[in-house]
Amino acid sequence: MPKYDPKVIESKWRKIFGEKKIYEPEIDNDREKFFTTVPVIYPTGLLHLGHLYTWTRADIYARFMRMRGFNVLFPQGFHMTGGPMVGMSLRLKNREKKAVDMMKDQGVSDEEIEKFSNDPIALGLYFSDTYIKDFDAAGMSIDWRRLFILSQTPQYSKFVEWQFNTLKRLGLIVQGTHPVIWCPKEDTPLGDHDRLSGEGESPLKFSVIKFRMEDYILPVGTLRPETMFGVANLWLNSRIAYKKLTLDSGEEWIVSGEFARKIRYLLKTVKKEEDFDVSSVMGKNAKNPLNGADVPVFDADFVDGDAMTGVVMSVPMHAPVDFVYANRSGALEKLGGRPKKIIDVEGEENLVEDAIKRFGETPEGLDKATKYVYKKEFSSGILNTNCGKFANTAVDKAREKIKDLLREKGSYEDMYEPSGAVVCRCGANGVVKLLENQWFIHYSDRELKEKMLRAVEEMKICPEEVRVPLVSAINGLEDKAAARHGGLGTPLPWDKNWLIEPLSDSTIYMAYYTIADTANKMRPEELDDRLFDYVFLGKKDSSPYPDEAEKMRKEFLYWYPVDMRTTAKELVPNHMVFFIANHVAIFDRDKWPKAMSINGWLVVNKQKMSKSKGNTMGISEAVESYGTDSVRLIATASDGIDDAEWDTSNINTVYQKIETLMDLIEILDDFKGHKKLIDKYALSKAARITRDATEDYGNMLLRSAVQRTFFDGVQLLKEYLELGGYNGETLRELIRRIVRLNHPIFPFVTEELNSAMGGKELLEGGKSWPEYDEREISRLIDSEVEVVRNTISDIRNLTKILKISPKKVRIGISKPENFDLYNRIVEETKNTRNANEIRKKIRSSSKLADKLLKNPNRLPENGLDHDTETKLFEETKESISRIFGCEVIVESSDDDKAIPGKPALTIS
RNA sequence: GCAGGGGUAGCGAAGCGGUCAAACGCGUAAGGCUUAGGACCUUAUGGCUCAGGCCUUCGAGGGUUCAAAUCCCUCCUCCUGCACCA
């Protein structure tokens, strides 16, 4: 019968915590508040351990702060905005086998599946119910009174309307066109989840430059407008079909058949389309719109009708493909030799030719060469004197200037194509469509970005390494389309045809938590902009407000801002950025978020835990097998944003150590020894653990924290006993520390241990975090105990080598004057580690000095003490004698082998 | 393409200028305990030694320093993110 039975202990304390309503905090002006959140979650399937990782981390922090006396608020809501639930529902409706199986695997009945296939909300509500149970089972200290569901709780929808009206008032809502990957067959945006292939591809902007020839236009597609001065000729491919398009501007464009199809999605109206035979233009001249030069059109089979417009300009001196093809096809001869170079790169005379030599003329080699040349020229190229007024302009600058000039002349347009092939689930090839009249949040606003950067600067970020990607995400932030037509969501208040999109309605909802308990009980129509303006911004006019207004205002002022937001790393470049942006846009500076904590994923055999991979474990299953406290160990699986391996093998160790603690607590009263040096050591170590662990918890370094508090902590107990510690008071203090320091991670069993030790107050009740006194920490005693440990290990080695079982061990402590010398040398290493310099300083030529100075790098940072060392060995000699089963004599020694910190050993 | 982060023992993972052959965990081996297995406890686990010692290592190659896994440069190599999608 095991001593430690998690089930019994956990249900006991769960009940007590619930009765005390510890997780349902109210305003308390005598206590400092701490408000922590984790993002809302989509209930489209059962929760698994992978999810729990983030929440447990947040919960541990919440409990840590509670123990330190803070009034902690930890709410949780759900998200039903957007496509995921509608998508799942649709897949069930279509009886997609994978979707149906997934539901059945999760214990959903046929009847319910039928219901879900017509009602996505029912699906969401079904799973969100299981989430609440699972979060509770996993010991989350969540205040469920404040629960709400994004885009479903009508009161919350009023809040989102207020958010958008406020953004609009602030000038942060703009309207414009926006490119998206589009399915031409289904006439809908083609999100990553809807793609058969081409996940991650996005619209790529390219330049169209109009070369004129007779009455029509040859629209060249290019990514490098800066090479316009070096155009030798144009390439068309007589093997593919071309069309002549008459646009509503009256222009006639010659483009590939493929592009003729795609251009219609790019806001171009095609009035007339006819076949066009490009052989009629081969050899004729077109006009370079930048410098008016005549450039001939040549035939080239490498031109791909599917890439850009199907009209390509040839820049042989700056594009490997052009160079090779111009040579092979004899185009160079027709042109009368090599064209001029127009971009210089320092130290590169023949960049293109060298690149071709280096990578070869195979298609793959040319591809590499092209990338190489583009990169070189873009990063360090400068336009030369062949470029008229653009001479001496760096390529990146010249590119924009040339675009502007061409645009002025009416010879330039931006166009888009997918950055790679995209295929829709329906089988159609994706194109880029420009959406008109789309509503954007104006995240690219300069002032807004500056405020965001300021907010991030002041923000505590755990781990600190996330700051760099966060700042770069902010710098690269563009306007974000904030509304869409499909899925679930709150209608845009001023244009009800659009629904507010998920990432946009989930940016400041944490403010709503502060008032949720009150607001959720009100009628939605009471929650108008005027009320919210008062509650959140303090803007008040003289007309009457609902009775709840004052209460809500107080709640918001007390709880806000968010003190800690915990989430997984994939949300950093999107949600976290928008979260910050909307806060700094809408709220006063003292309401900006204070800290964020980012973690990786929980992985199994290096694979992310996910339902589709089938490598998940359900919460109730895990809790059933291991107990809540042990399952919570997942939160300590990794520090930083690296992925964390779910490893159950140390759960056994945890059980074992907990039982050790239980055993010791039972017999605490039997320890009646005096306090000795080893007591001083144990307390020093415990103080150090307390100090370091407090810092670890504060920085969300939970792996390190559990290492110190639990594994090192229990190890310390064993060490204390092994080295002859026998004082009940010390032991009690050590256990008291260990129990408290571990409570955030193991809230139930530590509460049990605390009460077993006679603790009357709940650890969970607050102000239970252990203090420590810096003066308790003694480096000297730590070092001297290490000397004892090393000596024991040396004795062991020696007996092994000598192959004897010792009868007598003499431990010869070095003489006091040697300690003086030793300490002087150690002191000197603070200035230098140069052996000769130290020798000069200490002016000693003793053998000991020689030995120590042989490698000054190996000297420790702090000194030793003769009396302490002697006394410690005297005190521990009984323990040593017990280990080796022999007599142990501690004496002073003249032997050269006796060095401070390394006594001479004589074994017989 | 742009941006960011890595490469340390059989594995996971600390260390981020000096007490470092490298914490801790897993794995492996031996011993103890046990009717047996498991669990647990002890010890060992880079190489060579065997009176407490020596040598070699932290992706590769250079450099800075009295001192580098740690700082700088080059190269190789592996991840991750890039927007309307949560």
Side-chain angles (χ1 to χ4, degrees), chain A residues 2 39 41-42 44 79 81-84 87 178-181 189-195 199-200 202-204 223 371 374-375 378 419 435 438 440-441 443 465-466 468-470 472-473 475-484 487 501-504 506 569-575 577-578 600 606 637-645 647 649-650 652-653 655-656 659-660 703-704 706-708 711-712 715 718 783 786 790-791 793-803 826 829-830 832-838 855-862 883 897 901-902 904-907:
Chain A
I41 177 168
Y42 276 83
T44 52
H79 206 181
T81 315
H178 180 62
V180 293
I181 304 278
L190 201 40
D192 262 353
H193 306 295
D194 313 319
R195 297 179 191 177
E199 229 174 274
S202 55
L204 181 75
L223 296 171
K371 279 182 180 153
Y374 281 20
K375 196 176 171 180
F378 185 71
S419 55
L435 287 179
Q438 169 68 276
F440 292 88
I441 301 180
Y443 288 129
E465 63 192 281
V466 174
V468 177
L470 183 64
S472 80
N475 282 324
L477 198 55
E478 287 173 25
D479 289 355
K480 160 123 177 67
R484 52 191 269 174
E501 163 282 332
L503 279 169
S504 301
S506 60
K569 61 186 171 188
E570 75 267 23
L571 293 189
V572 171
N574 41 70
H575 166 75
V577 168
F578 303 142
K606 306 226 168 194
S638 168
D639 284 335
I641 53 172
D642 291 339
D643 294 339
E645 191 73 31
D647 181 5
S649 56
N650 58 1
N652 245 322
T653 319
Y655 272 58
Q656 197 54 42
E659 290 190 1
T660 303
R703 182 191 177 91
S704 172
V706 78
Q707 175 63 42
R708 292 184 205 283
F711 295 100
D712 293 354
Q715 187 58 40
K718 287 188 181 172
S783 305
E786 207 178 324
N790 290 341
T791 304
S793 157
D794 283 345
I795 298 172
R796 184 171 287 129
N797 282 336
L798 288 176
T799 54
K800 218 198 265 173
I801 289 158
L802 297 171
K803 296 195 175 71
V826 166
T829 60
K830 288 187 179 121
T832 177
R833 295 269 175 164
N834 186 312
N836 287 330
E837 276 181 43
I838 296 173
N855 191 351
N857 277 338
R858 298 222 165 160
L859 286 167
E861 271 168 12
N862 49 300
I883 292 169
K897 285 205 176 112
K902 210 160 177 64
L905 295 176
T906 319
I907 300 176

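Residue numbering restarts at 1 for every chain, and letters A, B, ... go by the order of the sequence lines. Side chains included, hydrogens not; waters and symmetry mates left out as well; all remaining heavy atoms used.
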**OP:** Could you grab the distance from atom CD of A:Glu786 to atom OG1 of A:Thr791, nearest 0.5 Å is fine?
**Re:** 10.5 Å
At a cut-off of 3.5 Å, list every protein nitrogen or oxygen paired with a nitrogen or oxygen from nucleotides 2-7 of chain B, distance to 0.1 Å.
unit_1	atom_1	unit_2	atom_2	d
B:A3	O2'	A:Ser472	OG	3.4

**OP:** With the side chain of A:Leu798 defined as its heavy atoms from C-beta on, choose the nearest nucleotide among B:G52, B:U43, B:C40.
**Re:** B:G52
Original post:
Quick one: which of B:A51, B:C85, B:G12 gets closest to the side chain of A:Arg703?
Top reply: B:G12
Subject >> Closest nucleotide among B:A83, B:C84, B:C41 to the A:Gln656 side chain >> reply: B:C41
Original post:
Taking only residues two or more places apart in sequence, or in another chain, which ones meet A:Asp712 in a side chain to side chain contact (heavy atoms under 4.5 Å, CB included)?
Top reply: A:Ile689, A:Gln707, A:Arg708
Subject >> A:Asp794: salt bridge (Lys or Arg N to Asp or Glu O under 4.0 Å) partners, not counting sequence neighbours >> reply: A:Lys902
Which atom pairs link the protein and nucleotides 25-27 of chain B when you take only N or O atoms and keep those under 3.5 Å?
unit_1	atom_1	unit_2	atom_2	d
B:C26	OP1	A:Thr653	OG1	3.4

Subject >> Residues which pass side chain to side chain contact (heavy atoms under 4.5 Å, CB included) with A:Thr653, listed by chain and number, not counting sequence neighbours >> reply: A:Asn650, A:Lys657, A:Phe711
Subject >> Results of side-chain hydrogen bond (donor to acceptor under 3.5 Å, both in side chains) for A:Gln438 - residues two or more places apart only >> reply: none
**OP:** Could you work out which one of B:C85, B:G81, B:G52 sits closest to the side chain of A:Lys897?
**Re:** B:G52
Original post:
Which nucleotide, B:U43, B:C84, B:G52, lies nearest any side-chain atom of A:Ala481?
Top reply: B:C84
